[in-house]
Amino acid sequence: MRVEETKAIAAALGVEVVAARTLAGGFSHETSLLELAGGGAVVARLGGPDPVVEAAVMELGRRHVPVPEVLLVLPSVAGGRPAMVLEHVAGTPLDIVLSDPEIVPVGSAPGPGPGAALDPGLATAADELRALGVEVGRVVARIGVARFDRPGFFGGPDLAVAAGPPWSEQLPAFAESRMSKVPPSRLDPAVRAAWAQLCAAHAPALAGVDERARLVHADINPKNLLVTRAADGWRVDAVLDWEFAYAGCPYGDAANMLRFGADYPAGFTEGFRAGFAAHLPSDLPPDDDWAHLGRVLDMFALTDLVTRPAGHPVADRAAEEIRRWVAAGVPR
């Protein structure tokens with residue numbers, strides 16, 4: 001974050017910024033923690049495709065799930081990147097909790113991670129992780145409570161959705177066109193062709209959910225969730241990074257979270273599935289095949305991810321998934 005950008009944000013806030021620290025951020029923006037004179041802190045996100053639209057999505061999301069408050073949006077900071085300034089929310093990134101077993105407390109004694117008095121009924125780390133998964137699944141399912149007139153992408157801060165072809169029709173052409181943009185070192189031509197064929201073969205399954213028009217975060221992964229182990233159980237403190245949100249079927253968010261589920265410790269994935277399925281909006285038609293349909297929806301994201309420049313770690317992981325699906329079929 002440049003000095004002139006920090007000064008411009010401080011002027012807009014009307015308070016001096018005394019320190020700045022870069023945080024993990026999204027693909028298209030830079031995120032920094034700004035400490036303010038007199039105490040307190042805010043989070044500044046610079047760049048991104050359209051922070052005005054993202055701010056409107058976040059305001060809608062706040063009605064249903066924990067989302068940081070947007071304090072201000074600046075179309076251009078110091079003549080450069082746009083910025084969004086958010087309240088700073090305490091919590092531990094979920095990816096850190098899932099990757100560090102020392103953070104997950106066990107039994108009735110206080111643990112080294114977030115939280116204090118624990119539930120003695122949760123006797124093992126697997127029990128704790130399942131409980132965490134249930135709570136995360138509950139929150140992710142609640143994102144889909146927000147409804148729209150039609151599925152599609154947001155055209156402006158009013159969150160109006162333009163009409164477009166159904167997902168079941170878009171997926172084959174999307175996969176075919178994007179495979180030509182994959183770095184040759186990431187996927188060989190045979191796998192690219194097989195993936196496009198696999199997408200075309202499974203696209204008709206989406207016909208049953210083409211008309212779903214609910215809020216979809218579209219980047220639900222452990223890095224974008226802050227959690228805390230409180231006295232009464234796990235709590236999701238914030239759902240972050242809404243830049244890719246759209247109107248569609250909530251099953252895609254579940255598949256996004258489960259995309260690299262093999263990396264998660266025992267208990268969490270089982271809990272997430274149970275929590276998500278149990279807390280889907282009551283007015284959403286039930287579908288026993290939601291997990292599989294979510295995976296088919298996730299083919300859009302996997303297809304796009306592998307077009308990132310060579311050396312992009314998440315894109316390389318997406319390529320591993322694509323090779324696995326081509327070899328073994330779309331998972332459920």
Side-chain angles (χ1 to χ4, degrees), residues 1-62 65-100 114 154 156-157 217-228 236-246 256 301 304-305 307-317:
M1 188 170 177
R2 300 190 294 271
V3 172
E4 58 269 27
E5 293 173 330
T6 302
K7 290 181 177 179
I9 290 173
L13 290 171
V15 61
E16 182 184 0
V17 174
V18 297
R21 174 166 57 90
T22 301
L23 303 174
F27 173 71
S28 59
H29 58 257
E30 179 185 357
T31 305
S32 297
L33 178 68
L34 306 181
E35 297 180 19
L36 307 178
V42 295
V43 173
R45 283 161 40 90
L46 287 101
D50 196 333
V52 175
V53 174
E54 184 178 3
V57 172
M58 292 175 68
E59 181 60 32
L60 174 61
R62 273 173 60 83
V65 297
V67 178
E69 180 183 0
V70 178
L71 302 177
L72 59 88
V73 177
L74 301 175
S76 177
V77 179
R81 298 178 291 179
M84 180 162 51
V85 180
L86 314 171
E87 68 167 324
H88 175 240
V89 178
T92 304
L94 179 60
D95 63 318
I96 293 178
V97 175
L98 296 179
S99 65
D100 185 354
F154 305 126
H217 180 281
D219 197 17
I220 284 288
N221 66 73
K223 292 183 179 180
N224 286 337
L225 292 165
L226 300 179
V227 301
T228 295
V236 174
D237 298 299
V239 182
L240 309 174
D241 289 1
W242 293 76
E243 63 182 304
F244 300 117
Y246 67 95
N256 198 319
D304 186 59
L305 273 171
T307 65
R308 301 286 191 264
H312 191 288
V314 178
D316 291 341
R317 287 297 313 280

[X]/[Y] ion pair, N-O < 4.0 Å:
X	Y	answer
Arg2	Glu5	yes
Asp241	Arg45	yes
Asp219	Lys223	no

Please confirm whether the backbone N or O of [Y] pairs with a side-chain atom of [X], one donor and one acceptor, at under 3.5 Å?
X	Y	value
Asp316	Val314	no
Glu54	Trp242	yes
Asp237	Gly91	no
Glu35	Ala19	no

Got [X] and [Y] here, is their nearest side-chain heavy-atom distance under 4.5 Å?
X	Y	answer
Val42	Glu87	no
Leu33	His88	yes
Leu34	Ile9	yes
Leu94	Leu226	no
Asp100	Val97	no
Val43	Val85	no
Leu225	Val239	yes
Glu243	Asp50	no

Search all heavy atoms of [X] against all heavy atoms of [Y] and return the closest pair with its distance.
X	Y	result
Arg62	Val67	NH1-O, 2.8 Å
Leu36	Ala41	CG-CA, 4.3 Å
Ala37	Val15	O-CG2, 3.7 Å
Val53	Gly156	CG2-C, 3.6 Å
Pro68	Met58	O-CE, 3.6 Å
Asn256	Ala218	ND2-O, 3.1 Å

Rounded to the nearest 0.5 Å, what separation is found between the [atom1] atom of [X] and the [atom2] atom of [Y]?
X	Y	atom1	atom2	value
Thr31	Leu240	OG1	CG	9.0 Å
Phe154	Leu60	CZ	CG	7.5 Å
Leu305	Thr307	CG	OG1	7.5 Å
Thr6	Met1	OG1	CE	4.0 Å

Run the numbers on Glu59 and Glu69 for side-chain contact (heavy atoms from CB on, under 4.5 Å), then give the verdict. CA-CA 7 Å; Glu59 181 60 32; Glu69 180 183 0; 5.7 Å; no
Would His217 and Asn224 count as a side-chain contact (heavy atoms from CB on, under 4.5 Å) here? Give the steps. CA-CA 10 Å; His217 180 281; Asn224 286 337; 4.2 Å; yes
Walk me through it: do Leu46 and His29 pass the test side-chain contact (heavy atoms from CB on, under 4.5 Å)? CA-CA 5 Å; Leu46 287 101; His29 58 257; 5.9 Å; no
What verdict does the side-chain contact (heavy atoms from CB on, under 4.5 Å) test give for Leu98 and Asp95, after you've listed the backbone C-alpha separation in whole Å, the side-chain angles of each residue and the deciding distance to 0.1 Å? CA-CA 5 Å; Leu98 296 179; Asp95 63 318; 5.9 Å; no
